[in-house]
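Accompanying notes for the structure given below.
Proteins come first, then strands; the chains are lettered A, B, ... in the order of their sequence lines, and each starts at number 1. Remember, it's a predicted structure, so these values are computed and weren't measured experimentally.
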2 protein chains.
Amino acid sequence: MSLLVVGSTAFDTIETPNGTAADCLGGSSTYFSLAARMFTKVRLVSVVGADFPAAHRQLLLDRDIDLLGVEQKPGKTFRWHGRYSADMNSRETLDVQLNTFGDFRPKVPDAYRNTPFVFLANGAPATQRSVLEQMQGKPFCVADTMDLWIDREKDGLLALLRSIDGLIVNDGEVKQLTGKSNLIQAGKAALALGPKFVIVKKGEHGCFLFSPSFHYALPAYPTEDVVDPTGAGDSFAGGFMGYLATGDQATGESRTPANMKRAVAYGTVMASLTVEGFGTDRLASVDRATIERRYHDLQQFVAGT
Amino acid sequence: MSLLVVGSTAFDTIETPNGTAADCLGGSSTYFSLAARMFTKVRLVSVVGADFPAAHRQLLLDRDIDLLGVEQKPGKTFRWHGRYSADMNSRETLDVQLNTFGDFRPKVPDAYRNTPFVFLANGAPATQRSVLEQMQGKPFCVADTMDLWIDREKDGLLALLRSIDGLIVNDGEVKQLTGKSNLIQAGKAALALGPKFVIVKKGEHGCFLFSPSFHYALPAYPTEDVVDPTGAGDSFAGGFMGYLATGDQATGESRTPANMKRAVAYGTVMASLTVEGFGTDRLASVDRATIERRYHDLQQFVAGT
């Protein structure tokens, strides 16, 4: 089944204790697509500037990502410049130039309107909702958000949460969203806001999945060499949604607890690959055998008795 | 099989965002014993002052903990006074009075010398090693340590690590011990220092077990109401060692990967109980059915597909 993602495309300049990479291909929809394409056909809605090189476009096309929904506008592509702390568990943004992404009004091409799976990468809640309004029928929809929108667009975000199937956030965001300092309480409270499930990402500590019928905890893949954490969360979402989209959502088959858990594990694997290279380097070159090997290793890591 | 623990007995004054409790029964060996006694017969080696009340002694005796090795000396019992941060993930020590614990020279009673399982709670490495030297044969021995000893008694600690079966430490300690900032690298490096396994506790994020033949990750029990985190680590160790001691260590049966994993889960359950009350309140009153229910819930929380 095909999978639509709506989000940013960017040039990232990334400073880490291991070195710096300038003008990497980045953005939420890029990481998401490069992860999800290992599982299913991805349709991308994003915006780039006139400076977006043909080589980047080709890299995505070569990986079977549909770029019909990528609008190229006059001006520059979104740019982000960040620096990670020594332990890479925090980062500061040194510069942001929204450029063409600043007034991104996603237009879902006609050919995409019946896509059964939709991921709304981080963006203004009103913009995220505008995507849903362009879809035909009721796709299986999962969204990301961030502290900025919880802070400034709470009402819009709450409206979004009532109309989506799943929310993927990090631990700080879910606590901020719900006002609960205990993460289990926060996850349950987020569930009460509307989505059928909530995934709380905890970085190196893995993630929790909350749903009315089950809760699930999975650690991060035991990565020994983190090169650059940028894009880990979007890669997780891409692996998660990509795997779910391999099921048959029309019958609801893809949303069994067992499939949701497998999807969380594939998301975890894709995030582990991303952090092992600068930008999308590792994600763009991975093969399926590596993914399956890591999936198996991760299952062994948590296997009970 | 019986289980010997050597460590502190204390009066704790604990300040949390939820309130303050003064002069609680505490200390590493107390938490450990009250957790482990749910699984096996516990023999306690510790020291208290003349001010240690008969009621505390009776509380431990009523729970079938053998106090033959608890020395009562003139002077006062060890006192600790701490205050937790708002999210209870960190604490500051406001006051420590070592009192009779200051020159604790553990004496293992003759009747204890053949105990097949030994836990060396946090203490000076030389003191910990002196316990092992008093044992007959080669018990299955696990030790805790802390930043102070890694900093000041590294050589003594390294000697200890070469003579024990397992080490239980927290994430910060294992990084400090090994000089590795990546936790997986740190766990493996600690294993290379001698112990047959290393358990790294990550507080609310659960723990990792490292051994040459397998690695294992388990999240914390999904506790919604943390009242007081004091003693969680020692309760974990008590549940872990207590469960292992129910096996037959003479044949090595208790150290199968499956049994080690179950022991980690029981340790996790005992820690979750401790943090739900001030001091040892919850741990002293728990019943086996509650433990088994939590063990089951925890297995469900991590159950794959």
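- In terms of heavy-atom pairs under 4.5 Å with chain A, the best-connected choice from B/Gln299, B/Met88, B/Arg262 is B/Arg262.
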Check: Should A/Phe214 and B/Phe301 be marked as a ring-ring contact (aromatic ring centres under 6.0 Å, His included) after you check the CA-CA gap, both sets of side-chain angles, and the distance that decides it?
Finding: CA-CA 8 Å; A/Phe214 70 100; B/Phe301 191 35; over 10 Å; no
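- Between B/Lys261 and A/Gln300 the shortest heavy-atom distance is NZ-O, 4.4 Å.
- In terms of modelled atom types and a separation under 3.5 Å, the side chain of B/Asn182 and the main chain of A/Thr223 share a donor-acceptor contact.
- Side-chain contact between B/Glu224 and A/Lys188: present, with at least one pair of heavy atoms (C-beta onward) separated by less than 4.5 Å.
- Of the inter-residue distances, the one linking B/Glu204 atom CD with A/Ile184 atom CD1 reads 9.0 Å to the nearest 0.5 angstrom.
- Heavy atoms of other residues, nucleotides or ligands lying less than 6.0 angstrom from CG of B/Asp87 number more than 12.
- Across A/Gly206, A/Ala86, A/Gly187, A/Pro222, the residue that shares the most heavy-atom pairs under 4.5 angstrom with chain B is A/Pro222.
- Against chain B, no residue from residues 164-180 of chain A qualifies, as none has a non-hydrogen atom under 4.5 angstrom away.
- Options B/Gly304, B/Ala265, B/Pro219, B/Pro257 differ in how many heavy-atom pairs under 4.5 Å they form with chain A, and the most are formed by B/Gly304.
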